[in-house]
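Remarks on the structure that follows.
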Amino acid sequence: MKSRSLLLYLLIVVLLTSCGPSIQSKPKELSQPNQKSHMNVMGTKRIVMGWNAFGNTDTFIKQNSNSPNLNVVSPRWFTLANKDRMLSGTVDPRYVEWAHKAGKQVWPLFGNKFDTALTNSVLSDIEKRESLVETIRQTLVQYKIDGINVDFQNMDIKNRKHFVYFIRELEKALDRHDIVVSVDVTRHNPDPFWSGSYDRRNLGKAADYIVLMAYEEYYRSGGKAGPVASIPWVKEGITLLMKEVPAKKIILAVPFFTREWVTNLDNKSMTNYDRTMEAVEIQIAQKGLSKKWDKKAEQRFVDYVENGARHQIWIEDEKSMEKRLNLVKKYKLAGISAWAIGQESPNLRAEFKRFR
């Protein structure tokens with residue numbers, strides 16, 4: 001009788017536990033923390049990541065080969081779509097094979113094209129999110145890719161919670177494959193679309209890493225000249241983010257570019273041009289310019305007049321990068337990422353070699 005009763009009890013337990021829904025009917029509460037086992041994917045090493053944004057596979061491999069200290073590479077491969085499987089883009093297996101042979105992890109960048117309406121259309125629809133997550137999972141597993149870097153910007157603040165749901169769902173799908181989820185966020189600023197749409201605290205709980213894009217302090221359409229990322233501004237951005245995300249999860253993104261501000265001295269109109277680090281060094285050498293020190297920005301700059309226009313450039317070089325690397329060490333951050341590989345000056349590579 002005892003054995004028959006025990007058998008009946010076990011049968012009831014099995015039936016009860018198998019009757020629940022196989023798919024969550026609603027997203028988890030935002031307070032649920034992430035308990036991923038491979039949190040520090042690089043072991044005791046800091047992450048040294050670089051985005052490959054401009055060019056093709058051959059270009060990217062050449063650029064990355066010039067920076068052998070990179071241990072994570074992020075090709076700009078994927079973008080959001082509102083059709084079929086919600087994902088646009090292709091993987092080049094040759095890039096993945098090269099990176100793995102070189103001892104580097106591959107975390108492709110997945111962007112939303114800064115498209116607010118498209119992002120809302122996908123993120124606010126649970127079925128579209130499920131389709132997108134499954135497409136990403138299948139793609140990354142098929143090509144033996146190590147992680148993904150989600151770069152959604154210019155989102156409507158009404159999608160703040162939807163973005164957290166998406167990252168949590170993506171993390172859940174990729175966790176069993178030991179695939180890393182990193183999420184880019186802007187530095188805190190008043191703009192509701194470019195900053196307020198990030199629930200940094202809950203993104204930090206859901207993702208493995210949060211990448212702080214610590215640049216665009218003075219941006220193209222801002223109407224005022226200044227550095228793309230002064231050191232005090234970067235430092236403040238780190239400390240603000242650390243109030244919401246643990247330091248061990250934060251990757252500091254640094255600019256391998258700057259901006260040249262040109263002011264017409266007659267009508268005071270201003271234009272600006274993005275310049276790579278290498279291009280600025282060439283320009284300074286060709287024109288015989290002298291670098292000055294901006295005490296407030298804590299970096300070098302040049303300021304000169306030519307053909308009736310004032311030119312101002314706050315310089316990104318080994319000195320400004322050394323200060324950023326020191327901030328990563330000071331606050332014990334997870335690592336650093338550079339936008340974008342191929343824009344750096346050759347003398348900067350030695351600074352990165354000493355970083356690990």
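Not a single donor-acceptor pair under 3.5 Å links the side chain of S121 to the backbone N or O of A117. Proximity of a side-chain donor or acceptor of K249 to a complementary backbone N or O of V211 within less than 3.5 Å is not detected. Looking at T135, its side chain does come within 3.5 Å of a backbone N or O of R85 through a donor-acceptor pair. With hydrogens and angles disregarded, no donor-acceptor distance shorter than 3.5 Å links the side chain of S74 to the backbone of W51. Although no hydrogens or angles enter the test, the distance criterion places a donor-acceptor pair under 3.5 Å between the side chain of Q343 and the main chain of A340. Judged purely by atom type and a 3.5 angstrom limit, S197 has no side-chain atom pairing as donor or acceptor with the backbone of R160. In this structure, T276 contributes its side chain and A279 its backbone to a donor-acceptor pair below 3.5 Å. K332 places no side-chain N or O within donor-acceptor distance of the main-chain N or O of K248, the cut-off being under 3.5 Å. Checked by atom type and distance alone, the side chain of D317 pairs as donor or acceptor with a backbone atom of S320 at under 3.5 Å. Without hydrogens or angle criteria, R275 side chain to Q283 main chain gives no donor-acceptor distance under 3.5 Å.
The cluster map of Ile, Leu, Val, Met, Phe, Trp and Tyr, joined by side-chain heavy atoms under 4.5 Å apart, puts W233 and L333 in the same cluster. Linking ILVMFWY side-chain heavy atoms closer than 4.5 Å, directly or via other members, places M277 and W261 in two distinct hydrophobic clusters. F163 and F193 are members of different hydrophobic clusters when ILVMFWY side chains are connected at heavy-atom separations under 4.5 Å. L132 and V91 end up in the same hydrophobic cluster when Ile, Leu, Val, Met, Phe, Trp and Tyr side chains are linked at under 4.5 Å. Taking hydrophobic clusters as Ile, Leu, Val, Met, Phe, Trp and Tyr residues chained together by side-chain heavy-atom distances below 4.5 Å, M270 does not share a cluster with V302.
When only modelled atom types and interatomic distance are considered, H100 and D146 share a side-chain donor-acceptor pair under 3.5 Å. Side-chain contact annotation: W314 with D294, donor-acceptor N/O pair under 3.5 Å present. Remark: the T116 side chain and the D156 side chain contain no N/O donor-acceptor pair separated by less than 3.5 Å. A donor-acceptor contact under 3.5 angstrom links the side chains of S182 and N149, judged on distance only.
The aromatic rings of F110 and F166 sit perpendicular, their planes meeting at an angle over 60°, well past the 30° parallel limit. Note on ring orientation: taking the six-membered ring where Trp is involved, the planes of Y95 and W77 are perpendicular (angle over 60°, cut-offs 30° and 60°).
Contact check for Q299 versus S230: side-chain heavy atoms found under the 4.5 Å cut-off. When side chains are defined from C-beta on, F114 counts as touching N112, because their heavy atoms get closer than 4.5 Å. Using a 4.5 Å cut-off on side-chain heavy atoms (C-beta onward), P93 and V96 make no contact. Side-chain contact between D184 and V150 is absent, with no heavy atoms from C-beta onward closer than 4.5 Å. M242 is listed as a side-chain neighbour of I250, based on a closest heavy-atom distance under 4.5 Å. Here the side chains of H162 and M155 are not in contact, with every heavy-atom distance at 4.5 Å or above. Side-chain atoms of L203 and V185, non-hydrogen and from C-beta on, do get closer than 4.5 Å to each other. In this structure the side chain of F78 reaches within 4.5 angstrom of the side chain of T139, judged on heavy atoms.
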N82 vs V122, side chain to side chain contact (heavy atoms under 4.5 Å, CB included): CA-CA, chis, key distance, verdict: CA-CA 7 Å; N82 195 13; V122 175; 4.1 Å; yes
Intermediate values then yes/no, salt bridge (charged side-chain N to carboxylate O under 4.0 Å, His left out), E169 and K172: CA-CA 5 Å; E169 291 154 4; K172 182 178 179 181; over 6 Å; no
Verdict with reasoning, I47 to W107, per side chain to side chain contact (heavy atoms under 4.5 Å, CB included): CA-CA 12 Å; I47 292 170; W107 302 359; 3.8 Å; yes
E244 and R200: CA distance, side-chain angles, deciding distance, salt bridge (charged side-chain N to carboxylate O under 4.0 Å, His left out) verdict: CA-CA 6 Å; E244 301 177 283; R200 294 170 177 83; 5.0 Å; no
Pair K104-W98, side chain to side chain contact (heavy atoms under 4.5 Å, CB included): steps then yes or no: CA-CA 9 Å; K104 306 178 192 301; W98 170 86; 3.7 Å; yes
Working for side chain to side chain contact (heavy atoms under 4.5 Å, CB included), residues L123 and N120: CA-CA 5 Å; L123 292 187; N120 171 63; over 6 Å; no
Full working for salt bridge (charged side-chain N to carboxylate O under 4.0 Å, His left out) between D151 and R76: CA-CA 10 Å; D151 182 49; R76 187 163 59 173; over 6 Å; no
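Atom CD1 of I126 sits about 12.5 Å away from atom OG of S131, to the nearest 0.5 Å. Rounded to the nearest 0.5 angstrom, Y273 OH and I313 CD1 are separated by 12.0 Å. Atom NZ in K319 sits 5.5 Å away from atom NZ in K323 (nearest 0.5 Å). Atom CG of L70 sits about 10.0 Å away from atom CE of M49, to the nearest 0.5 Å. Between atom CG of residue N154 and atom NZ of residue K113 there is a gap of 13.5 Å, rounded to the nearest 0.5 Å. Here the CD atom belonging to E281 is positioned 11.0 Å from the CD atom belonging to E316, to the nearest 0.5 angstrom.
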Please output the side-chain donor-acceptor pairs of residues 53-62 that fall under 3.5 Å, not counting sequence neighbours, one pair per line with the distance.
| unit_1 | atom_1 | unit_2 | atom_2 | d |
| --- | --- | --- | --- | --- |
| N56 | OD1 | D58 | N | 3.2 |
| N56 | OD1 | T59 | N | 2.9 |
| N56 | OD1 | T59 | OG1 | 2.9 |
| T57 | OG1 | D92 | OD2 | 2.7 |
| D58 | OD1 | R94 | NH1 | 2.9 |
| D58 | OD1 | R94 | NH2 | 3.1 |

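Contact check on K224 versus E217 returns no salt bridge, with no Lys/Arg side-chain nitrogen under 4.0 Å from an Asp/Glu carboxylate oxygen. For the pair E171 and R168, the salt-bridge criterion is not met [side-chain N within less than 4.0 Å of a carboxylate O]. Using a 4.0 Å cut-off between charged nitrogen and carboxylate oxygen, D199 and K161 do not count as a salt-bridge pair. A salt bridge links R187 with E236: the closest approach of a Lys/Arg side-chain nitrogen to an acidic carboxylate oxygen falls below 4.0 angstrom.
Shown here is Y219, whose OH atom has no more than 12 heavy atoms of other residues, nucleotides or ligands within 6.0 Å. Surrounding CD of E306 are more than 12 heavy atoms belonging to other residues, nucleotides or ligands, all under 6.0 Å away. Around NZ of K128, the count of heavy atoms belonging to other residues, nucleotides or ligands within 6.0 Å exceeds 12.
Aromatic ring centres of F257 and Y215: separated by under 6.0 Å.
Between R310 and the options D303, N264, T263, a side-chain hydrogen bond (donor to acceptor under 3.5 Å, both in side chains) holds for only D303.
Closest heavy-atom contact between P255 and V228: CG-CG2, 4.1 Å.
In this structure Y331 satisfies the side-chain hydrogen bond (donor to acceptor under 3.5 Å, both in side chains) test with no other residue, sequence neighbours excluded.
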